[in-house]
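Every number for a ligand or one of its atoms is a count from 1 in the order of the listing. Position 1 is the first residue of the sequence, and the numbers go up from there.
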Amino acid sequence: MRRRTTPESFDPAQVRPWNAGLAGLGFGGDYNPEQWPDDVRLEDLELMREAGVNLLSVAIFSWATIEPREGELDWAWLDTTMDRLHGAGIQVALATATASPPPWLTREHPEILPRLADGTVLHQGGRQSYAVTHPVHREYALRMTTRMAERYRDHPALALWHVDNEIGCHVPRDYSAAAADAFRQWLRERYTTVDALNDAWGTAFWSQRYGSFDDVLPPLVAPTYANPTQQLDFDRFSSDALLDYYRDLRDTLRQITPHVPVTTNLMATSHTKGMDYFSWAPELDVVANDHYTAAADPERHVDLAFSADLTRGIAGGDPWILMEHSTSAVNWQPRNRAKLPGELLRNSLQHVARGADSVMFFQWRQSRAGAEKYHSAMVPHAGRDTDLWRDVVGLGDALEALGEVRGSRVRSRAAIVVDWPSWWGSELDSHPTQALRYMDQVQAWYGALWRRGVTTDMVSPGADLDGYDLVVLPTTYLVTDADAANVAAAAQRGATVVVTYFSGIVDEHDHVRLGGYPGAFRDLLGVRTEEFYPLQDGETVHVVGEAVGGAATADLWTEKSHVADDAEVMASYQDGALADRPAVTRRAVGQGHAWYVATRLDREGLDDLAGTLVAEAGVGPEFSAPAGVEVVRRWSDAAPPAGQEPTSWVFVLNHTEESATVGTEAAPVTGTELLTGERVSGTLTVPAGGVRVLRVG
Ligand code: GLA
């Protein structure tokens with residue numbers, strides 16, 4: 001699929017760090033001066049100074065402002081913006097300005113518009129109305145990228161390239177003619193021969209055999225279920241196609257500015273199914289992420305932690321950029337409530353605690369017009385005399401005080417395996433139940449570990465699992481032999497490995513592994529399942545066993561399993577069609593253990609089981625903290641003096657409405673608190689809704 005490649009002369013070692021021009025952590029947001037007259041832009045600079053802003057994303061949606069008619073270019077406003085920001089000591093993550101094609105382009109070339117699976121055209125008038133694979137769009141996007149790079153290549157404010165924006169956000173799957181062509185090309189590269197494609201897709205079924213790659217289509221709306229492997233490959237292709245677009249623009253930038261790092265803002269969240277970000281990560285010079293909390297979710301801080309940990313996992317543990325979040329309300333949820341007092345600081349520092357080295361927002365100044373005018377910003381409609389502005393200035397002060405954490409890393413001995421192909425595959429139609437949602441399981445396990453105070457890494461199934469004592473695989477439906485062996489090796493080496501229902505079922509082509517479920521993990525777990533018994537809506541069963549706290553309720557999924565002689569039943573069904581059969585099992589493997597959880601436990605049952613597993617694996621938290629109080633530690637990368645531990649920073653985030661104390665006689669907390677400057681010895685008290693950051697060592 002790749003048309004261009006990184007220039008041969010490109011040397012990754014010459015790419016400077018994205019934060020080379022910053023003294024500490026990054027702070028800022030999307031800056032859209034083209035929406036404002038000059039007096040407002042001048043006021044922006046004063047306010048940015050007041051808040052301590054040092055990094056801004058500029059020109060994300062500026063294509064139509066820069067080029068209002070084809071070939072007619074207006075750079076003056078952007079030149080002035082870049083110069084002024086530099087004068088104010090602010091670094092720029094400069095966008096390629098390609099996030100939305102200008103109206104003249106889609107009028108002249110309507111063929112670049114994307115389509116849904118039923119053929120509906122997604123017209124110009126919103127944003128992101130382009131088919132990511134269309135060669136005409138690509139040519140125009142590359143031309144714009146080249147112009148931006150050539151114009152600002154030597155500008156002293158240029159710190160980082162920001163390619164397009166949230167690639168795949170609105171159109172993760174495009175079914176246009178251009179996409180169909182690119183899909184066929186991708187399939188040719190993957191399978192070489194059409195016979196290989198026929199084998200992989202199992203086309204002996206339903207008269208689907210292909211005589212030529214030319215006959216293949218994307219999975220368009222059809223009379224009944226489309227071929228599952230076709231759907232799965234279209235998911236893989238679409239993720240690759242979006243990445244290919246990023247790579248093409250990045251390579252253009254690299255040719256002109258080989259020293260400037262390049263990234264794009266990901267949306268690593270529990271609902272971004274379209275892009276396999278583990279495969280994207282190697283192409284980014286630094287990982288950047290956008291995350292928004294859901295006002296209606298009382299546990300939105302857990303969802304935030306999940307996103308931050310997933311981002312860190314995608315970044316391979318390296319520090320990352322929080323490229324966007326909101327100072328307060330958004331405009332795209334059913335009810336968009338402003339954030340509560342303290343929430344802005346707590347959200348921001350929660351990201352920092354989990355590895356962000358920059359805190360940025362959408363956007364700097366709240367728009368007067370357009371679809372996002374009710375979305376909060378750093379400068380609200382009501383202006384400077386507001387709690388929100390004072391909170392923004394306070395955040396700037398806090399980030400300045402925390403500058404020394406930059407570059408430090410989170411350590412974890414527990415991992416959850418996250419896998420996009422399993423997400424795609426497990427939710428395909430024509431399955432045992434349509435109610436299974438992959439991310440529900442991942443989030444349930446994440447939440448259970450969060451409530452136990454365990455800091456968890458999120459890794460891909462092929463990741464190096466050596467450092468982990470607890471490895472959880474929620475609904476890892478699709479695994480290769482190599483990844484299954486990787487997981488088994490972790491148990492052999494001593495880890496507690498936990499596999500949950502509908503895992504290991506198929507190979508990479510979505511072909512069932514025969515001989516009994518859970519196929520690829522059958523031997524590791526010592527479990528053989530004959531048939532699935534998914535439960536009806538509202539139907540529950542009871543599960544009994546010490547491992548789940550005595551008794552628990554389960555729903556969604558049960559299965560008829562047998563355990564091998566060397567495996568133990570840790571909990572079984574008390575009632576229902578499978579009464580007395582195993583629900584939770586455990587097998588000793590090498591130095592470790594492999595557990596199977598064959599059903600969806602309720603929250604209490606899962607919490608109890610997580611407690612059992614955390615204890616077995618020995619990955620419990622270092623500091624005891626009350627429920628709802630989050631403790632996360634970042635460690636310095638610098639080698640400490642002989643015999644000493646490296647410096648670390650302990651973030652304590654109190655998500656409750658009561659003040660909380662962390663630290664006991666047995667496990668005291670001692671160090672300097674960076675936000676108040678206080679010396680702490682033994683215990684640390686954090687006010688309701690507050691944050692404290694302790695430097696230790
Ligand atoms: C995304 C986009 C921004 C903006 C925000 C609003 O993150 O990248 O341009 O639309 O959403 O929340």
**Student:** Which pairs count as salt bridge (charged side-chain N to carboxylate O under 4.0 Å, His left out) when at least one residue sits in residues 263-277, sequence neighbours excluded?
**Tutor:** K273-E427
**Student:** Salt bridge (Lys or Arg N to Asp or Glu O under 4.0 Å) with D44: which residues, sequence neighbours excluded?
**Tutor:** R365
**Student:** Does NZ or CZ of R173 fall inside the cone over W424's six-membered ring, less than 6.0 Å from its centre and within 45° of the axis?
**Tutor:** yes
**Student:** Does anything in residues 333-356 pair up under ring-ring contact (aromatic ring centres under 6.0 Å, His included), and if so which pairs, sequence neighbours excluded?
**Tutor:** H291-H351, W320-H351, H325-H351
**Student:** Taking the side chain from Y31 and the backbone from L55, do they hold a donor-acceptor pair closer than 3.5 Å?
**Tutor:** no
**Student:** Surrounding CG of D385 (heavy atoms of other residues, nucleotides or ligands, distance under 6.0 Å), is the total greater than 12?
**Tutor:** no
**Student:** Run through ligand 1 for me and note each protein residue having a heavy atom under 4.0 Å from it, chain first, then residue number.
**Tutor:** F61, R127, N165, E166, D290, Y292, E324, W332, F362, E372, H375
